[in-house]
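One structure is given below, encoded as C-alpha cells.
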Amino acid sequence: MSDQPVITFHGAAETVTGSCHMIEAGGHRVLIDCGMFQGSKTEKELNYRAFPFDPRAIDALILTHAHIDHSGLVPKLVRDGFTGPIFASAPTIDLCKVMLPDSAHIQEMEVEQLNRRNKRRGRQEVTPIYTLLDAVEAVKLMRPTRLADWREAAPGIRFRLWNAGHLLGSTSVEMETAGGDRPVRILFSGDLGPDNKLLQPNPEAPAGWDHVVMESTYGDTDRLEVTEARRRAELRAEVQAAINPDGVLLIPSFAVERTQELLADLVHLFETGQLPPCPVIIDSPLANRASQIFRAYARTLDNGDLLLRAFASPHVRFTESVEQSMALDQMHGFHIVISASGMCEAGRIRHRLRNWLWRSEATVLLVGYQAAGTLGRLLADGAPVVRMKGEQIEVRARIRKLDLYSGHADGPELAAWLRKRLPVGGTVFMVHGEEMAIDGLRARLADSVPRERLVDPRLDASYRLGHAAAVEIVDTARVPRIDPRQAGHTDWHNDFQSLLLDIQAEIGKAADEKARGKVIRRLRNALAAG
C-alpha cells in the first residue's frame with residue numbers, strides 16, 4: 001500500500017474555482033494547476049491564507065490552461081518558495097504572461113483602495129496576495145510542452161498533454177506514476193470544451209485508465225444541440241431586444257477567448273446584414289493584450305480568419321487607459337460594451353454596472369458561469385437590489401442570460417467524453433462543479449461506471465491510488481480550512497448584505513418617523529434576545 005501514489009484535492013472540490021490537485025509518489029510531489037478561489041468571500045479568503053502544503057516541497061507544476069481559477073495562485077506559490085519547473089503548452093504560457101501580471105495589478109489596485117477605506121474606519125491594512133514582481137518570476141519558471149510528448153515531471157512521474165478544446169492552449173493531462181507491478185495511469189480532464197466551439201476543436205485523449213479526474217461544471221445541464229447558427233441567432237435576438245436609442249448592452253465577459261468569440265460573432269452578424277452595425281467597445285486592457293496573442297495564433301484556430309476580420313472591423317474599438325474607459329459614461333446612442341470580469345467581481349465591469357444597473361434602458365447579458373456568491377450570480381438569480389462598495393443599487397436594467405458561449409461541455413458532452421475514455425478500472429473523481437452539477441453528472445455516468453466509484457472529493461481530501469477503486473485516507477487530526485458544506489455556496493457575507501437590503505426596504509416602506517422607529521426597536525429587541 002505504501003508504494004501507491006496519493007492524490008489530494010486542494011481546490012475545485014465541490015466548487016468551480018481554485019483548481020489544485022497534488023500527486024505524491026515515491027517521495028515526490030507534483031501539482032496539477034494552482035488556481036485562485038472565486039465565489040463567496042469565505043472561499044476567496046483562502047487565497048490569502050497559507051497553502052495547505054509546503055510550496056518548497058513541490059517538485060513540479062503542470063498547468064492545464066491559463067484561466068485564473070487554474071493558474072491564479074502560481075505567483076503566490078513561487079513567492080512562498082516553489083522553484084521547480086512549470087509545464088504548460090506554449091499558448092498557455094503566452095496567455096499567462098499577460099493574465100498573471102494583470103491579476104497582480106488588479107490585486108494591488110483593489111488592496112490600495114481597500115486600505116484607504118480601512119484607514120478611515122480604523123481597521124488594519126491588508127497586503128495583496130502577490131505582486132507584479134511575483135507574477136514575472138512565476139512566468140520565468142514556465143516550460144513550453146508540446147502535445148503528446150512524454151515529459152518527466154519528477155522521478156517516477158511522467159506525463160503528456162492532450163488538447164481539451166476549452167481555451168487556446170488548454171489541455172488534459174495524462175500521467176503515469178510508479179505503483180507496484182505496473183504504472184498507475186491517471187487522466188486529468190482539465191476544463192473540457194463543448195461541441196461546436198467557435199475557435200477550438202473537440203477534446204481528445206487516449207482510453208483505458210486506472211483513475212480519471214474530470215470536471216463537472218455543467219453536469220446537470222443539457223443545452224440541446226448547440227450549433228453555430230443557433231448561437232448566432234440567439235445572440236442576434238438578444239442584441240435586437242436590447243437596442244434602445246439611449247441605452248447600452250453590457251456583456252460581462254471573461255477577457256480570454258469568450259470576448260474574442262463574442263466579437264467574432266457580432267462582426268459576422270454586422271457583415272451579413274443580420275444586425276445593424278453599432279459601436280462595440282472592448283473595455284478591458286487584459287482582453288486587448290489577450291487579443292494580440294489570439295492574432296498570433298489565428299492561423300491555428302478554427303475560424304481564425306473571421307477573428308482577424310473582427311479585430312480589424314471599423315465598428316470595434318478597444319479602451320486601454322482609465323480615461324478612455326471613463327469616457328464611455330458620456331457615450332450617446334446605443335452601443336455594446338464587453339468588459340471583464342465575467343462574474344462581475346472585479347475590473348471595469350464593476351464601474352459600468354454601477355453606472356447602468358439602475359437604468360431601465362440598459363441590458364446586462366450574462367454569457368458565462370456565475371459562481372455562487374458572486375455579483376453575477378446575484379444578478380442571474382434576479383436580485384432586485386444589490387450592494388456595490390457599500391452603495392445600494394436598485395436593479396432596473398434587463399438581466400439576460402445566454403449560455404451558448406460557455407467554454408465548458410454540458411452534461412451529455414461530459415458523459416460522451418468519459419465513454420470514449422473507458423475502461424476506467426478505478427475511480428472517477430468529479431471535481432470543478434457545485435453540488436447539483438455533480439449530482440447531475442453522477443446520474444449520467446452511472447451506466448458507465450459503478451456508482452460507488454463515482455466520487456466527489458471534499459476540499460483537501462486525500463486518496464490512495466492503485467489499480468482498483470481509490471481508498472480515502474482519513475486524517476482525524478486535520479482541521480478543515482473551511483466547513484466542507486460551505487464550498488460552492490453563499491456565505492454569511494452574502495446573508496449579511498441581503499439582510500441590510502431587507503432592513504432598508506422595510507424602513508423605506510414605513511409610513512412615517514414613528515413607524516420607522518418601531519421597525520428599528522423591533523430589530524434591536526431581536527438582537528438583544530439573540
Side-chain angles (χ1 to χ4, degrees), residues 194 197-198 218 221 223 226 228-270 274-284 287 310 315-319 325 328-329 331 333-371 374-384 386 388 393-408:
K197 202 166 188 294
L198 181 67
Y218 285 102
T221 300
R223 298 195 188 97
V226 178
E228 188 175 275
R230 181 184 168 208
R231 185 187 68 239
R232 287 171 174 166
E234 294 203 19
L235 177 62
R236 173 176 174 266
E238 292 293 349
V239 175
Q240 286 179 320
I243 293 175
N244 183 302
D246 301 312
V248 67
L249 173 59
L250 293 179
I251 307 181
S253 175
F254 303 110
V256 179
E257 193 143 315
R258 188 71 45 79
T259 291
Q260 291 75 25
E261 290 173 326
L262 284 161
L263 187 59
D265 275 353
L266 284 169
V267 169
H268 172 81
L269 293 172
F270 294 161
Q274 298 179 67
L275 277 178
C278 69
V280 179
I281 301 96
I282 310 301
D283 186 31
S284 165
H315 307 296
V316 174
R317 66 183 175 92
F318 292 79
T319 65
S325 178
L328 297 181
D329 292 345
M331 281 192 71
F334 177 74
H335 56 287
I336 299 172
V337 178
I338 304 174
S339 186
S341 70
M343 296 185 194
C344 308
E345 284 295 280
R348 293 181 177 181
I349 192 61
R350 303 277 293 189
H351 179 81
R352 302 274 80 79
L353 291 171
R354 288 181 70 193
N355 189 52
W356 283 101
L357 270 181
W358 54 275
R359 298 159 73 171
S360 59
E361 60 267 32
T363 296
V364 178
L365 180 61
L366 301 170
V367 295
Y369 191 86
Q370 308 299 322
T374 62
L375 176 58
R377 174 67 76 87
L378 295 177
L379 293 173
D381 289 346
V386 296
M388 298 177 67
I393 300 175
E394 187 171 347
V395 180
R396 298 193 187 98
R398 293 171 67 249
I399 308 298
R400 301 288 299 168
K401 292 179 281 186
L402 180 58
D403 190 37
L404 303 187
Y405 282 90
S406 175
H408 292 268

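In this text the structure is predicted, and so the values were computed from the model without any measurement. Throughout, numbering of the chain's residues begins at 1 and tracks the sequence.
- Here the closest heavy-atom approach between residue I349 and residue S341 is recorded as CG2-N, 3.3 Å.
- Scanning all heavy atoms of the two residues, the minimum distance from M388 to R354 falls at CE-CG, 3.4 Å.
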ask   = Given the rule in the side-chain contact (heavy atoms from CB on, under 4.5 Å) test, do L249 and F334 qualify, once you have shown the distances and angles that lead to the verdict?
value = CA-CA 8 Å; L249 173 59; F334 177 74; 3.9 Å; yes

ask   = Given L262 and S253, is the side-chain contact (heavy atoms from CB on, under 4.5 Å) satisfied, shown in steps?
value = CA-CA 9 Å; L262 284 161; S253 175; 3.8 Å; yes

ask   = After noting the C-alpha distance and the side-chain angles of W356 and V337, does the key distance pass the side-chain contact (heavy atoms from CB on, under 4.5 Å) rule?
value = CA-CA 12 Å; W356 283 101; V337 178; over 6 Å; no

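- Here the straight-line distance linking atom CG of L266 with atom SG of C278 works out to 7.5 Å at 0.5 Å rounding.
- To the nearest 0.5 Å, the span separating CD on E261 from CG on L235 amounts to 11.5 Å.
- When side chains are defined from C-beta on, H351 does not count as touching S325, because their heavy atoms never get closer than 4.5 Å.
- Listed by chain and residue number, E228, D265 satisfy the salt bridge (Lys or Arg N to Asp or Glu O under 4.0 Å) test with R232 (two or more places apart in sequence, or in another chain).
- Minimum heavy-atom separation, S284 to T319: N-OG1, 3.9 Å.
- Counting heavy atoms from C-beta on, the side chains of P252 and V364 come closer than 4.5 Å.
- Applying the side-chain hydrogen bond (donor to acceptor under 3.5 Å, both in side chains) test to R396 and every residue at least two apart in sequence or in another chain returns E394.
- A side chain to side chain contact (heavy atoms under 4.5 Å, CB included) with L275 holds for exactly one of V239, V267, I336; it is V239.
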request  = Report the C-alpha separation of K401 and L365 in whole Å, then their side-chain angles, then the decisive distance to 0.1 Å, and conclude whether the side-chain contact (heavy atoms from CB on, under 4.5 Å) test is met.
outcome  = CA-CA 6 Å; K401 292 179 281 186; L365 180 61; 5.9 Å; no

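- I399 is listed as a side-chain neighbour of L357, based on a closest heavy-atom distance under 4.5 Å.
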inquiry  = What verdict does the side chain to side chain donor-acceptor pair (under 3.5 Å) test give for S339 and R350, after you've listed the backbone C-alpha separation in whole Å, the side-chain angles of each residue and the deciding distance to 0.1 Å?
reply    = CA-CA 9 Å; S339 186; R350 303 277 293 189; over 6 Å; no

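- Between L250 and R352 the shortest heavy-atom distance is CD1-O, 3.8 Å.
- To the nearest 0.5 Å, the span separating OH on Y405 from CD on E257 amounts to 12.5 Å.
- In this structure, the side chain of Q370 does not engage the main chain of L375 through any donor-acceptor pair within 3.5 Å.
- Using bins of under 30°, 30° to 60° and over 60° for the plane-to-plane angle, the ring pair Y218/H408 lands in the tilted bin.
- Not a single donor-acceptor pair under 3.5 Å links the side chain of S406 to the backbone N or O of D403.
- For the pair V316 and A310, the tightest heavy-atom approach, listed with the atom from each and the gap, is CG2-O, 3.8 Å.
- Contact check for L328 versus H335: no side-chain heavy atoms found under the 4.5 Å cut-off.
- To the nearest 0.5 angstrom, F254 atom CZ is 4.5 Å from M343 atom CE.
- The OG1 atom of T363 sits 4.0 Å away from the CZ atom of R398 when rounded to the nearest 0.5 Å.
- A heavy-atom distance below 4.5 Å is found between the side chains of I281 and M331.
- With values rounded to the nearest 0.5 angstrom, I282 atom CD1 is found 12.0 Å from R348 atom CZ.
- A pairwise comparison of heavy atoms in V226 and R223 identifies CG2-CB, 3.5 Å as the closest pair.
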